[in-house]
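In what follows, every chain begins at residue 1, and chains take the letters A, B, ... in the order their sequences are listed.
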2 protein chains.
Amino acid sequence: MAADSSPARNTAAEDLAPRLRLAVARLHRRLRQSADPNLTLSQLSALASVERDGPITLGALARIEQVQPPTITALSGKLEAAGLLERTIDESDRRIHRVEITPAGAKLLEQHRKRKNAYLDRRLRRLTEADRAALTRAAAILERLAAEDPQ
Amino acid sequence: MAADSSPARNTAAEDLAPRLRLAVARLHRRLRQSADPNLTLSQLSALASVERDGPITLGALARIEQVQPPTITALSGKLEAAGLLERTIDESDRRIHRVEITPAGAKLLEQHRKRKNAYLDRRLRRLTEADRAALTRAAAILERLAAEDPQ
DNA sequence: TCGAACAAATTAGCCTCACGAACTATTCCG
DNA sequence: CGGAATAGTTCGTGAGGCTAATTTGTTCGA
């Protein structure tokens, strides 16, 4: 139900941020709990970025994922250990390490996109078509927000 | 497989879950980074639940927050230590511990709802009115999703 | 009535995520 | 050549969350 007699003013918008904060925090917890044990949310995010932008240097990946370098070292270490990423060292500048998705990594991502029985998918299927449409639009906005540079 | 591998109709909805998963994971990271250092997202969520439903037993709070009891012990311990919650032991059944928000806790929550310069608020203010409206609607849906019982 | 079963919360030990500070390796440049 | 800069890594810390085991308290039935 979407109508608390709110006039055109931005009354609703005024408490949008706190509501969104809580909703994202709680949903994140839910997603973690129901996540594929082989691939945490952070790993999933990194893997998706590498697929999209790889081969990519670790530094660039850290910027895209918006985490500090040590976090990427650890994350990509796990993904490599799982055979989902492969690392190559730039021979013309051996400080630079690039990672790239492996076939196994791509396959896992693909499976992941098709998970039809995960918590979130089940929930979404129970929504009305209109609600799903609203979330589809919101997802695009949230993706943009998350990707924007700080400041 | 699901009944409908239908054409254009819910094509967008089909990859909604993976997109939402990533968006929530990434946005959550952003929110953590820009969170008030005095109150993590988990603490904020628990505090808000206690305000809404308190006085409440720790077990009930765990169910609402959808975490295991040890997590609530730790969380409420921190909130109590910070003076945001107060605990009372039920004298008719001393196993039962209830927590309740303190004036300081309520004040902190209130301030939190008004944070006008936090990352998320700044970002939201830059969106179009239509985008904010879309997010407002989405926030309501996401809140419901996050609050639903499992299964 | 007292001991066993149950219930609520806590403790202990483990793992991931993420950070800052300090360090290593490499390259660049004056 | 030797210092400064750049890319990554290591180390130690803390939050968040889990399971398994334990403690504390209550209830119930033989």
Side-chain angles (χ1 to χ4, degrees), chain A residues 22 24-47 49 55-82 85 87-99 146 150, chain B residues 22 24-47 49 55-82 85 87-99 146 150:
Chain A
L22 274 187
V24 168
R26 289 171 174 165
L27 203 49
H28 180 261
R29 191 143 64 187
R30 273 311 194 71
L31 292 177
R32 262 178 49 107
Q33 289 167 352
S34 68
D36 178 352
N38 300 318
L39 200 62
T40 68
L41 285 175
S42 284
Q43 290 168 11
L44 173 65
S45 175
L47 191 56
S49 290
I56 184 175
T57 68
L58 294 181
L61 183 56
R63 283 188 295 277
I64 288 178
E65 287 289 303
Q66 292 171 133
V67 294
Q68 297 304 308
T71 301
I72 283 296
T73 294
L75 264 180
S76 85
K78 277 174 199 154
L79 293 171
E80 283 169 60
L85 291 188
R87 174 185 301 226
T88 57
I89 299 179
D90 185 325
E91 280 308 321
S92 79
D93 182 344
R94 299 182 42 77
R95 290 171 302 183
I96 298 177
H97 297 203
R98 286 192 181 79
V99 286
Chain B
L22 274 187
V24 168
R26 288 172 175 164
L27 202 49
H28 180 261
R29 191 144 64 189
R30 273 310 194 74
L31 292 177
R32 261 177 49 106
Q33 289 167 351
S34 67
D36 178 352
N38 300 319
L39 199 63
T40 68
L41 285 175
S42 285
Q43 290 167 12
L44 173 65
S45 176
L47 191 57
S49 290
I56 184 174
T57 68
L58 294 181
L61 183 55
R63 283 188 294 277
I64 288 177
E65 286 290 302
Q66 292 173 132
V67 295
Q68 296 303 308
T71 302
I72 284 297
T73 294
L75 218 40
S76 86
K78 277 173 199 157
L79 293 170
E80 284 169 61
L85 290 188
R87 174 186 301 228
T88 56
I89 299 178
D90 185 325
E91 281 307 322
S92 78
D93 183 344
R94 299 181 42 76
R95 290 170 301 185
I96 297 176
H97 296 204
R98 287 193 180 77
V99 286

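Counting to the nearest Å, the P atom of D:dG25 and the CD1 atom of B:Ile96 are 13 Å from each other. Here D:dG16 presents its P atom at 12 Å from NE2 of A:His28, a figure rounded to the nearest Å. Atom pair B:Ile56:CD1 and C:dA8:P shows a separation of 13 Å (rounding to whole Å applied). If you take CZ of B:Arg63 and C1' of C:dA8, they are 10 Å apart, rounded to a whole angstrom. Across the protein-nucleic acid pair, B:Leu39 atom CG and D:dA15 atom C1' stand 13 Å apart, rounded to whole Å. Computed from coordinates, the B:His97 NE2 to D:dT26 C1' distance equals 13 Å when rounded to whole Å. One atom, CG of B:Leu58, and another, C1' of D:dG25, lie 15 Å apart when rounded to the nearest Å. Between the CD1 atom of A:Ile72 and the P atom of C:dG20 there is a distance of 14 Å, rounded to whole Å.
Counting only Watson-Crick and G-U wobble pairs whose two key distances fall under 3.5 Å, DNA chain C forms stems of three or more stacked pairs at C:1-30 with D:1-30.
Pairing each heavy atom of A:Glu80 with each of A:Val99, the nearest pair is OE2-CG1, 4.2 Å. Closest heavy-atom contact between A:Ala46 and A:Leu79: CB-CD1, 4.1 Å. Across all non-hydrogen atoms, the minimal contact from B:His97 to B:Arg95 is CD2-O, 3.3 Å.
Counting heavy atoms from C-beta outward, B:Arg98 and B:Ile56 have side chains that stay 4.5 Å or more apart.
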Could you run through nucleotides 11-19 of chain C and give me one letter per nucleotide, 5' to 3': B if any protein heavy atom sits under 4.0 Å from the base, S if only the sugar-phosphate is that close, - if neither?
B----SSSB
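Not a single donor-acceptor pair under 3.5 Å links the side chain of A:Glu65 to the backbone N or O of A:Thr71. Counting only distance, with no hydrogens or angles, the side chain of A:Arg29 and the backbone of A:Val24 share no donor-acceptor pair below 3.5 Å. Without hydrogens or angle criteria, A:Gln33 side chain to B:Gln66 main chain gives a donor-acceptor distance under 3.5 Å.
Under 3.5 Å, the side chains of B:Ser49 and A:Arg26 contain a donor-acceptor pair of N or O atoms.
Using a 4.0 Å heavy-atom distance criterion, B:Arg87 is classed as a sugar-phosphate-only contact.
Rounding to the nearest 0.5 angstrom, the gap separating the CG atom in B:Leu39 from the CG atom in B:Leu47 is 6.0 Å. Atom OG of A:Ser76 and atom CD of A:Gln43 lie 10.5 Å apart (nearest 0.5 Å). B:Leu75 contributes atom CG, which lies 6.5 Å from atom OG1 of B:Thr40 (distance to the nearest 0.5 angstrom).
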Considering only nitrogen or oxygen atoms on both sides, find all protein atoms under 3.5 Å from nucleotides 24-27 of chain C and state each distance.
| residue | atom | partner | partner atom | Å |
| --- | --- | --- | --- | --- |
| C:dT26 | O2 | A:Arg95 | NH1 | 3.4 |
| C:dT27 | OP1 | A:Arg94 | N | 2.9 |

